[in-house]
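Keep in mind the model is a prediction, meaning the values are calculated, not measured.
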Number of protein chains: 2
Amino acid sequence: MTDFRPGDASLVRKVNTQVTLRALRREGVATLTRLGRITGLSRQTVEAVLDELKERGWIREAPPDEGAMGRPARRFGFRADAGYVVGLEVGGDRIVVSLADLSGAVIAWERSAVESDAPAAERLEAARRTALACVDGAGVARTRVWTLAAGTSGIVDRSGRVSLSITLPGWTGLDLAGVAARWFGCTALAANDANLGALAEHWRGSAQHASDVVYILVGHRPGAGILIGGRLHLGRSGAAGEIGTLRQVGWENAATELVEEGSAAEVFAAAGAGDEAALRRVDHYAENLAIGASALVLAVDPDLLVIGGGYALAGDVLLDPLRRHLADLCLSAPQVVTSTFGDESVSLGAVRLALDHVERDVLGL
Amino acid sequence: MTDFRPGDASLVRKVNTQVTLRALRREGVATLTRLGRITGLSRQTVEAVLDELKERGWIREAPPDEGAMGRPARRFGFRADAGYVVGLEVGGDRIVVSLADLSGAVIAWERSAVESDAPAAERLEAARRTALACVDGAGVARTRVWTLAAGTSGIVDRSGRVSLSITLPGWTGLDLAGVAARWFGCTALAANDANLGALAEHWRGSAQHASDVVYILVGHRPGAGILIGGRLHLGRSGAAGEIGTLRQVGWENAATELVEEGSAAEVFAAAGAGDEAALRRVDHYAENLAIGASALVLAVDPDLLVIGGGYALAGDVLLDPLRRHLADLCLSAPQVVTSTFGDESVSLGAVRLALDHVERDVLGL
DNA sequence: AGAGTTACGAAAAGAGGTCTCGTAAGTGAC
DNA sequence: GTCACTTACGAGACCTCTTTTCGTAACTCT
């Protein structure tokens with residue numbers, strides 16, 4: 001439950017360091033006095049904390065603000081460029097990479113296509129190349145990447161190994177985190193793509209103010225990620241949210257039925273234009289989706305249901321029937337919204353995961 | 001995420017008070033030196049903390065141990081009898097009450113029967129009488145009850161109001177916590193029965209070492225409770241785990257099919273003796289159960305699945321087919337065990353909930 | 001009664017944090 | 001350019017909480 005270890009004075013310093021650093025990261029650049037006011041600490045304490053942080057290289061002193069009244073205050077800024085993290089999506093037909101600094105600002109994107117039946121080695125090599133290209137292209141030395149996180153479809157266990165992948169050839173059993181760790185010689189993490197999507201939405205998307213979130217990545221084969229109390233819930237084997245496994249749910253073939261004629265985008269467009277047959281197809285797909293979604297919703301009773309992934313671009317054409325079926329299946333369905341991100345959501349979630357790791361393990365606490 | 005407030009020296013004292021109190025509750029009675037050793041604090045600090053706690057009435061000084069070597073040490077004990085909590089199950093056909101002291105030791109049980117079609121007022125009155133009888137019978141003054149928690153079937157929202165009950169007449173809309181608060185003039189909490197069962201198992205039952213737990217209360221109408229990270233997960237409206245709502249799951253009528261001929265106990269007994277027809281019935285019931293259970297398991301991916309409630313007494317007669325169907329439906333089914341409690345599990349969980357409240361709100365932190 | 005054992009209690013020291021106050025370093029008005 | 005005003009810095013006193021040390025007290029055992 002709570003903490004078990006007793007505390008001494010250094011605990012207080014630890015807490016206050018955290019609080020100060022958190023405030024500084026929000027502020028960007030701030031004076032001692034201002035930091036004192038927003039943290040509730042005395043200026044003296046803030047000063048001591050910042051001295052320590054400067055020593056450790058986390059922050060830097062910025063030039064004083066000119067033109068202000070009174071004696072110029074010393075200003076400090078979080079050294080967002082002290083290190084970088086890479087967020088990576090290794091998808092069925094594409095690789096998406098984002099490079100972010102420690103403040104979470106994404107400073108470079110890179111993407112490339114990959115054949116959906118490419119063997120594992122080829123897919124990995126494409127991912128590696130794209131990631132390196134992204135970092136090199138941004139002019140960031142490879143050694144300055146502190147952590148990499150990768151999202152991929154399939155079940156990824158807590159150690160970052162793909163324990164089961166249905167869609168990607170040769171993917172099952174792959175130690176994705178282990179392999180990716182060698183690319184930059186840094187710690188690497190791996191997780192399921194839907195989980196990372198959920199994380200991204202909670203970080204900067206439509207789920208920012210929700211605590212418990214179910215995120216469904218709709219596309220060829222829907223997947224789901226769950227946030228409990230704002231934190232990723234992975235489960236014992238990392239398989240939390242894998243409701244699609246249940247035959248009763250019918251997620252396996254939901255998409256193939258949808259795209260029997262034409263691409264998904266075409267079907268959605270036709271449905272949006274009022275085409276009866278397309279509407280029926282979409283409705284049927286939404287119903288299938290709703291069955292799985294309702295199982296997750298009933299299990300978790302989330303504050304919010306977020307729909308992400310390629311098909312989410314269809315917007316209300318898909319969401320309206322989904323909401324209808326969901327209301328039918330659940331006692332009280334939560335609010336349903338679409339992702340605010342396009343296809344960056346997984347790599348953005350990966351960035352967040354990497355940053356979480358940095359903040360926890362490198363920054364301490 | 002983590003704490004937002006900065007800390008000063010008093011934070012350290014708070015932490016150490018918690019640690020000490022926790023240790024003392026585990027030990028029962030302990031000397032200063034011993035407490036120092038197990039908490040990792042100096043004897044002086046422990047002494048200061050204990051002085052404060054004695055002042056506040058949480059602990060008492062016990063007579064020194066005789067016959068030991070050296071100067072007799074002062075001994076302190078947690079005042080488990082400083083207050084009491086009442087755990088209550090308001091079931092379909094019975095009321096179960098347990099009275100526990102602050103150490104969690106149950107010092108009195110009381111139960112009574114109630115008609116399954118009794119109107120709400122009658123059921124409530126029976127619950128009140130039984131609770132009062134339990135406390136009075138134990139010789140505990142009613143004013144010494146600090147918190148009461150009640151478990152009942154149906155969906156109970158976070159404020160302790162029954163937002164939906166299918167089985168109990170007149171129960172929907174009842175402010176159970178509000179009503180029960182008047183019985184002893186203390187804070188009262190209310191929750192779903194399966195949630196409390198889960199809590200009980202994690203506290204003292206088969207789920208003690210599990211972090212994420214799905215608990216299914218099997219009986220007339222199965223219900224489920226979920227523990228995430230050892231804590232109750234209620235969800236937005238308190239409906240987390242209500243997978244039985246989903247028609248595809250078939251929990252609604254699972255039991256009625258089981259008991260078409262004879263009582264449930266008879267069917268289980270016959271199945272245990274090898275009766276083909278009974279085996280088929282049980283297998284069918286187990287299959288229905290497994291569908292809902294697998295939805296929960298896939299959603300949450302728990303460390304452990306615990307089966308409690310009346311039918312759990314059947315043991316492996318029910319569990320074996322359940323495990324089989326579960327293995328069939330889930331990628332990797334978790335361990336499945338039965339509850340270690342009989343029909344005390346809900347009231348025991350209620351005790352735990354009440355104690356949690358006391359520890360958080362009364363003891364501080 | 002003396003030796004051995006164990007715990008108590010006061011005193012000193014150190015780490016952190018807050019408050020106060022005199023001083024430094026700017027801007028703006030005259 | 002000087003003076004008043006504003007704002008921030010820095011040193012010192014003081015408080016809280018913890019730990020360490022050491023002399024003393026209160027037992028048991030021989």
Please give, in whole Å, the distance from [N] [atom2] to [X] [atom1]?
X: B/Gln44; N: C/dG14; atom1: CD; atom2: P; result: 17 Å
X: B/Leu50; N: D/dT18; atom1: CG; atom2: P; result: 12 Å
X: A/Asp51; N: D/dA11; atom1: CG; atom2: P; result: 11 Å
X: B/Leu35; N: C/dC8; atom1: CG; atom2: P; result: 11 Å
X: A/Arg71; N: D/dT6; atom1: CZ; atom2: C1'; result: 13 Å
X: B/Phe76; N: C/dC8; atom1: CZ; atom2: P; result: 8 Å
X: B/Asp8; N: D/dC14; atom1: CG; atom2: P; result: 20 Å
X: B/Arg74; N: D/dC27; atom1: CZ; atom2: P; result: 14 Å

- [ ] Using the six-membered ring wherever Trp is involved, compare the ring planes of B/Trp58 and B/Trp146 and label them parallel, tilted or perpendicular (cut-offs 30° and 60°).
- [x]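 Rings of B/Trp58 and B/Trp146: perpendicular, over 60°.
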For a quick test of reading the model: is some side-chain N or O of [X] closer than 4.0 Å to OP1 or OP2 of [N]?
X: B/Arg13; N: D/dT16; value: no
X: A/Thr45; N: C/dT18; value: yes
X: A/Asn16; N: C/dG17; value: yes

[options]: which one has an atom nearest the side-chain heavy atoms of [X]?
X: A/Val12; options: C/dG17, D/dT18, C/dC8; result: C/dG17
X: A/Ser42; options: D/dA26, C/dG16, C/dT18; result: C/dT18
X: A/Thr33; options: D/dC9, D/dA25, D/dG10; result: D/dC9
X: A/Pro72; options: C/dG26, C/dC8, C/dT20; result: C/dG26

- [ ] Please evaluate the base of C/dG9 for a donor-acceptor partner in the side chain of B/Arg43 within a cut-off of under 3.5 Å?
- [x]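 For B/Arg43, whose side chain was compared with the base of C/dG9, there is a donor-acceptor pair (under 3.5 Å).
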- [ ] Give a yes or no on whether the backbone of B/Arg13 and the side-chain of B/Thr17 come within a donor-acceptor separation of less than 3.5 Å.
- [x]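 Side chain of B/Thr17 to backbone of B/Arg13: a pair is present.
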Task: First of A/Arg37 and B/Leu41 reached from the 5' end of DNA chain D, by closest nucleotide - done: A/Arg37
- [ ] Could you say whether A/Met69 or A/Val49 is positioned toward the 5' end of DNA chain C, judged by the nucleotide with the nearest heavy atom to each?
- [x] A/Val49
Open item on the list: Once rounded to the nearest 0.5 Å, what's the spacing between atom NE2 of B/His209 and atom CG of B/Leu304?
Closed with: 11.0 Å
Task: Distance under 6.0 Å and angle within 45° of ring axis: A/Arg142 vs A/Phe184 - done: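 Output no; distance or angle outside limits.
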Open item on the list: Can you see whether B/Phe78 has B/Arg25 sitting over its ring - NZ or CZ less than 6.0 Å from the centre and within 45° of the normal?
Closed with: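 Satisfied, under 6.0 Å and within 45°.
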